[in-house]
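Chain letters run A, B, ... following the sequence lines, proteins first, then strands; residues in each count from 1.
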Amino acid sequence: MKKKSLLRTLRISLIFVFFISLHALGQGSYFSFSSGYGIKMGSQNILTPPSVLTQDEDFPSTFTNDVYGASNLTSEQINLSLGSGLNFGLNFGHMLTPNFGFDLGVNYLLGSPTKAVTTSGTFAFEQSIQASMLRLLPGIVVLGNGNYYQRTIPYAKLGCAIGFGSLNYQITEPVSKLDMEVVYDGGSPFGLFAGFGFSHKISDRISLVGEINTFNLTYSPKGGEVTKLKAEDIDFLPSLDVSEREIEFVDTFSDLPQSPTQPLRALSRRFPMGSVGVNLGIKICLGNQF
Amino acid sequence: MNRCYIVIFLSFIWSSSHAQNSGFCRFYIGGDFSAGLLNVPLSSISTQVTSGQTQVDFSNGKGIVFGASLGRTINEYLGFQSDVSYLRGSPVELVSSSDIDQKNSLTLSSRFYRIGQSFIVRGFKYDQRVTPFGRLGLACYFGKLEMEERMVSSSTSTYIKSNIVGDIAFGLSSGAGIEIKLMERISLILEINSNNISFFPKEIRAVNWVENDLNVLSDKPKYLKQTIFEKKLTYYSNDPPSELPRKVLRQGFPLGSFGFNLGIKINEFFKN
């Protein structure tokens, strides 16, 4: 309870910082646009996300590449982080002194899909999981700011990352024309963000920005819903009952019988969302550039 | 080979710092909290304790940190530093289940040496009393996770201690803070930091196995005493021989953390 209260206070404080940043636009303030690509960092292996198909005990319980032979099974572990992929961002900032200020980033992650293939005879089930997430990044920024004539300025950022988004999980199999899609959402991941880069002045108010950044984040969705289920060109979605269509993640699992009118209960999962990447962009100073 | 490169690289940094009057050193102590929490399937790490019905999200990056850094400034606002620290992790309880007759628990504690290499940005002016700084760099972890399993019933008690060991874990470390000038060359350092890292061990080896107060480690088959993690594994329908180690698919352990460091920085450390 205390932890929840602390988190709520922290989030309110962050929103407060955001508004301060916006209010402070003017002298010593800036905004920037950037885009970049991140690769996985802090990766992990995961269990197969729960769904109407993957609850089947015959389906692999781990997100691995599997090959079923006549009398054996070969599995290959997949280390993944769903934070890898393209991102687009907009930052607002205000410098309190020539070398210290607040920065608020709004960044959208278009995650790269991670795939696992299970081959059994002529069948080849392909699982794919991918994240899309809007991330709020309030933090502090330190500029290695010398004087007005300094053209290249190093900087470092550290702050929180708060995410809002969803995971898209898909299973396809070409022989049976199986196509299932589940969207997991709810909850907002809370983690850390850091960056180190250089801004290079190309005019009085405009600079080019290059940055290495890292996200330390994991995501635990609250639930999920099957949004597509087709096999042999037949749409099975309308015939699914609630327990087959909806998933509810719980922290403590009980062996109580599953009701068809209630969502499927499954132990909560955490998905790694860490990354390290490079962003390039343009920074525009609203007042005089320090 | 990786260790070799790191040692060579650090020696280079040490030498270059030594040669310059712009070198500095820091000594610090801090507390790290878990960040980047994840859950780990117990079947891959324990043959004795089974999963509970409650999900436990954890990171073994939580604990107390002692460290020292050595670095040099390239100019007034940019520098780099080598960092050596020790993480004494707090025990994380993954399972604590009990019924009428049996109580089980499994805890993991991290013991890691950390070597880091960071770029630092500092506020420009040397003459001001409070200087902000930020840093980002690589971090390498060497060490182990200590695993303790306890199974206690009304008639028996079992205690198993194992080490989960592996290669170097690579990740990123970042931080931001302030230096408060106390004397001409001595500053107080306050830093918030973040470490983004996962540990993929190579094996689990039991080092102590006590049943009803008797050490029975030597009596246990290798299959129960040693687990080897493999990237790719083939399972056969017949049981593997008990004189060989158990093999399981490679399992990652989160070591992410955020924390606070408090320390002393000595500027121009090598200046006579």
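Heavy atoms closer than 4.5 Å to chain A are found in both the backbone and the side chain of B:Leu172. Neither the backbone nor the side chain of A:Phe249 comes within contact range of chain B; no heavy atom of the residue lies under 4.5 Å from a heavy atom of that chain. For A:Tyr219, no part lies under 4.5 angstrom from a heavy atom of chain B. If you measure heavy-atom distances from A:Ile46 to chain B, you find no contacts under 4.5 Å at all. Contact of B:Tyr235 with chain A is made through backbone and side chain together, with heavy-atom distances under 4.5 Å. Proximity to chain A (any heavy atom under 4.5 Å) is restricted, for B:Ile120, to the backbone atoms N, CA, C and O.
Not one N or O on the side chain of A:Asn99 forms a donor-acceptor pair closer than 3.5 Å with the backbone of B:Pro132. No donor-acceptor pair under 3.5 Å is formed between the side chain of B:Lys231 and the backbone N or O of A:Glu76.
In terms of heavy-atom proximity, B:Phe200 sits nearest to A:Gln44 at CZ-CA, 4.2 Å. Among all heavy-atom pairs drawn from B:Ser198 and A:Gly42, the shortest one is OG-C, 3.0 Å. Shown here for B:Asp57 and A:Arg270, the closest heavy-atom pair between the two residues is OD2-NE, 2.9 Å. Here the closest non-hydrogen pair linking B:Gly123 and A:Val142 is N-CG1, 4.2 Å.
With sequence neighbours left out, B:Arg135 forms a salt bridge (charged side-chain N to carboxylate O under 4.0 Å, His left out) with B:Glu191. Contacts of B:Glu203 classified as side chain to side chain donor-acceptor pair (under 3.5 Å), with partners at least two apart in sequence or in another chain: B:Arg205, B:Gln226.
Interface summary for chain B: among A:Leu73, A:Asn65, A:Leu158, the most heavy-atom pairs under 4.5 angstrom belong to A:Leu73.
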